[in-house]
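One structure is given below, encoded as structure tokens.
Along the sequence shown, the residues carry numbers beginning at 1.
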Amino acid sequence: MRRSIFLLLTALLVGVLGAACAVPMDDGAAMSCTDALGCVEVAADEPVTIASMNVLSGPVSFLGLDQTGAIEIAIDDFGDLLGHEIALVSEDSQCSAEGGQSAAQKVAANSSVVGALGTACSSAGTAALPIIHEAGLSMISASNTSPTLTEPDPEKGGVWQPGYYRTAHNDLFQGRLAGEFAYNQLGARTAATIHDGSPYADSLQQVMADVFTELGGRITYQGAVNVGDTEMLPILTEIATDPPDILFYPIFQPEVNFVTAQIKDVAGLEDTILMGADAAFSSDITANTGEAILGLYLTSPLVQGEAYDELLAKWDAKFGGLPPSAFHAHSYDATMMLLQAIESVAQDDGAGNLLIGKQAIRDALSAVEGFPGITGNLACGETGDCATGEALAVYQINDMEAWPPELVNLE
């Protein structure tokens, strides 16, 4: 009797530590967890739980609403997972390092969570990643685009750790698109950039500047505003001391609104071409800026095709209208990737009880190749980049009422 109790306590202790253990499930055969990172147990009457760490509050909440809506549609489309409903818990990552840390801590503390989707912003993703990694979980972001998140070398600014994946493009692609479009299509020969100190904006403006310089252009100014700044005349006046042909400012609302509205009042910048990026790709940017927004170029995702049209129809039926930003299709693909990975590795005891290995999920995601996503065929590289730069384009806002903006012919 004592030996039986000892063996049972030992098995439970080993299970807590994540080593191999035999897990007896009610009404079914025992299933063994040999996963290096441990397993999540799902009883027959429980849902399979996934988490969302997207921004749900503040001026860029449109990013989180855009992606969370697509997650919900993907869950609807997927149906049950091995006979279990899929439950979604949402944590607000707030598009900040503090928010990302808080959201990841809540997800990591929830023992029922099998995997996570998000974050929306690279600053939040940078803070969330170490916590998700340490918890043995996997996260798939639909809109983290900073190159640092999939760069493994710390000396190059890399923060990658196992467990991180993204269906969003790497800004090495978007920065190149911006630089080449400015130089080759718009004929710009001088450029200035503004960022906001975030990993996303700083990395993106630097890639654009490097490409623009490689092509023969000259960078006249690179500087930053603070999140929360409303008065942009000081930095714009400084830029005007050597007026550039184009100003590239891949920053979020409301800062992008203030720069756009105030630049026309600065002598020397009246003819400067304005270009933002996907951080500002929101259906409310015209109303929030006013007519000064007309003419603004934006680099942002481009998704087309029958599957995408079907997603838009489902969005309209479920929520009404169009998605508010540009990463809903990437979020749909991320959700499907995660759910399929979970389903492919889950052990089922035949009575509806599941045992899901955490390392097994990472292995399944790392092996993704030829995944038929709405955003294109996805294949995950060694550090979690699963998308190419093909689903990107340049838009121009020429109408205060029309959304999305006009696609610019890149040919």
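- No donor-acceptor pair under 3.5 Å is formed between the side chain of Ser282 and the backbone N or O of Ser325.
- For CD of Glu382, the number of neighbouring non-hydrogen atoms (other residues, nucleotides, ligands) closer than 6.0 Å is 12 at most.
- The shortest non-hydrogen separation linking Leu365 to Ala341 is CD2-CB, 3.8 Å.
- Closest approach of Ala116 and Val107 over heavy atoms only: CB-CG1, 4.4 Å.
- With contacts defined as side-chain heavy-atom distances shorter than 4.5 Å, the pair Phe371/Cys380 does not qualify.
- At distances below 3.5 Å, at least one donor-acceptor pair connects side-chain atoms of Gln396 with backbone N or O atoms of Gly295.
- Inspection of the Glu180 and Asn184 side chains reveals no N or O donor paired with an N or O acceptor under 3.5 Å.
- Summarising the geometry, atom CD1 belonging to Ile86 is positioned 4.5 Å from atom CG belonging to Leu339; distances are rounded to the nearest 0.5 Å.
- Looking at heavy atoms from C-beta onward, Leu63 lies in side-chain contact with Phe252 at the 4.5 angstrom threshold.
- To the nearest 0.5 angstrom, Ile50 atom CD1 is 5.5 Å from Leu338 atom CG.
- For the side-chain contact (heavy atoms from CB on, under 4.5 Å) with Tyr395, the lone residue among Asp278, Leu407, Leu296, Thr299 that qualifies is Leu407.
- Atom CD of Glu134 sits in a sparse spot, with 12 or fewer heavy atoms from other residues, nucleotides or ligands closer than 6.0 Å.
- The shortest distance between side-chain heavy atoms of Thr126 and Leu149 falls below 4.5 Å.
- Judged by distance alone, with hydrogens and angles left aside, the side-chain atoms of Gln340 form no donor-acceptor pair with the main-chain N or O of Met337 at under 3.5 Å.
- Side-chain N/O atoms of Ser57 and Asp92 include a donor and acceptor closer than 3.5 Å.
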Q: Start with the C-alpha distance between Thr167 and Tyr332, add both sets of side-chain angles, then the distance that settles side-chain hydrogen bond (donor to acceptor under 3.5 Å, both in side chains), and finish with yes or no.
A: CA-CA 9 Å; Thr167 54; Tyr332 183 96; over 6 Å; no

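- Here CD1 of Ile251 is found 10.5 Å from CZ of Phe258. Values are rounded to the nearest 0.5 Å.
- Between Arg362 and Leu37 the shortest side-chain heavy-atom distance falls below 4.5 Å.
- Screening Asn144, Thr383, Thr145, Asp385 for a side-chain hydrogen bond (donor to acceptor under 3.5 Å, both in side chains) involving Thr150 leaves a single residue, Asp385.
- Lys358 places a side-chain N or O within donor-acceptor distance of the main-chain N or O of Ala135, the cut-off being under 3.5 Å.
- Side-chain atoms of Leu247 and Val259, non-hydrogen and from C-beta on, do get closer than 4.5 Å to each other.
- Taking the side chain as every heavy atom from C-beta outward, Leu312 and Pro323 approach each other to under 4.5 Å.
- Judged purely by atom type and a 3.5 angstrom limit, Ser102 has no side-chain atom pairing as donor or acceptor with the backbone of Gly99.
- In this structure, Tyr183 and Phe212 have perpendicular ring planes: the angle between them is above 60°, well past the 30° mark.
- When all heavy atoms of Ser52 and Asn54 are compared, the pair lying nearest together is OG-ND2, 3.0 Å.
- Atom OG1 of Thr335 is separated from atom CG of Asp333 by 8.5 Å, given to the nearest 0.5 angstrom.
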Q: Evaluate the side-chain contact (heavy atoms from CB on, under 4.5 Å) criterion for residues Leu294 and Met400: first the C-alpha distance (whole Å), next the side-chain angles of each, then the deciding distance (0.1 Å), finally the verdict.
A: CA-CA 7 Å; Leu294 295 176; Met400 291 294 290; 4.0 Å; yes

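- For the pair Tyr308/His328, a side-chain contact is recorded, criterion being any heavy-atom separation below 4.5 Å from C-beta on.
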Q) Step by step, would you call Ser112 with Glu46 a side-chain hydrogen bond (donor to acceptor under 3.5 Å, both in side chains)? A) CA-CA 10 Å; Ser112 65; Glu46 294 177 345; over 6 Å; no

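- Looking only at distances, no side-chain donor or acceptor of Asp245 sits under 3.5 Å from a matching main-chain atom of Gly187.
- Put simply, the side chain of Thr148 never gets that close to the backbone of Val159: no donor and acceptor are under 3.5 Å apart.
- Minimum heavy-atom separation, Tyr200 to Pro250: CE2-O, 3.2 Å.
- Between Pro244 and Leu269, the closest heavy-atom pair is CD-CD2, 3.8 Å.
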Q: Applying side-chain contact (heavy atoms from CB on, under 4.5 Å), run through Ser203 and Asp171 and close with a yes or a no.
A: CA-CA 7 Å; Ser203 296; Asp171 272 337; 5.6 Å; no

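- Using bins of under 30°, 30° to 60° and over 60° for the plane-to-plane angle, the ring pair His169/His330 lands in the perpendicular bin.
- Using modelled atom types, no side-chain atom of Asp229 and backbone atom of Glu231 make a donor-acceptor pair closer than 3.5 Å.
- Here CZ of Arg166 is found 10.5 Å from OG1 of Thr119. Values are rounded to the nearest 0.5 Å.
- Between the side chains of Thr34 and Ser32, no donor-acceptor pair is found at a separation under 3.5 Å.
- One finds no salt bridge joining Asp76 and Lys314 here, because no Lys/Arg side-chain nitrogen approaches an Asp/Glu carboxylate oxygen to under 4.0 Å.
- Side-chain atoms of Asp196 never come within 3.5 Å of backbone atoms of Val225 as a donor-acceptor pair (strictly under, hydrogens ignored).
- The two residues Ala97 and Ala127 have their closest heavy-atom pair at O-CB, 3.2 Å.
- Within 6.0 Å of atom CD in Glu310, more than 12 heavy atoms from other residues, nucleotides or ligands are found, so the atom counts as buried in its surroundings.
- Asp35 contributes no side-chain N or O that, together with a main-chain N or O of Cys39, makes up a donor-acceptor pair within less than 3.5 Å.
- Using modelled atom types, one finds a donor on one side chain and an acceptor on the other under 3.5 Å when comparing Gln359 with Asp363.
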Q. Yes or no on side-chain contact (heavy atoms from CB on, under 4.5 Å) for Tyr164 and Ile132, after CA distance, side-chain angles and deciding distance?
A. CA-CA 8 Å; Tyr164 181 82; Ile132 297 299; over 6 Å; no

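- Of the candidates Asn288, Ile285, Ile293, Ile293 is the only one forming a side-chain contact (heavy atoms from CB on, under 4.5 Å) with Thr260.
- A side-chain N or O of Gln222 and one of Gln206 form a donor-acceptor pair less than 3.5 Å apart.
- Note that CD of Glu255 and CG of Asn226 are 9.0 Å apart. Values are rounded to the nearest 0.5 Å.
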Q | Test side-chain contact (heavy atoms from CB on, under 4.5 Å) applied to Ile263 and Met232, step by step | A | CA-CA 8 Å; Ile263 193 170; Met232 303 300 178; over 6 Å; no

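- For the pair Pro47/Val42, no side-chain contact is recorded, criterion being any heavy-atom separation below 4.5 Å from C-beta on.
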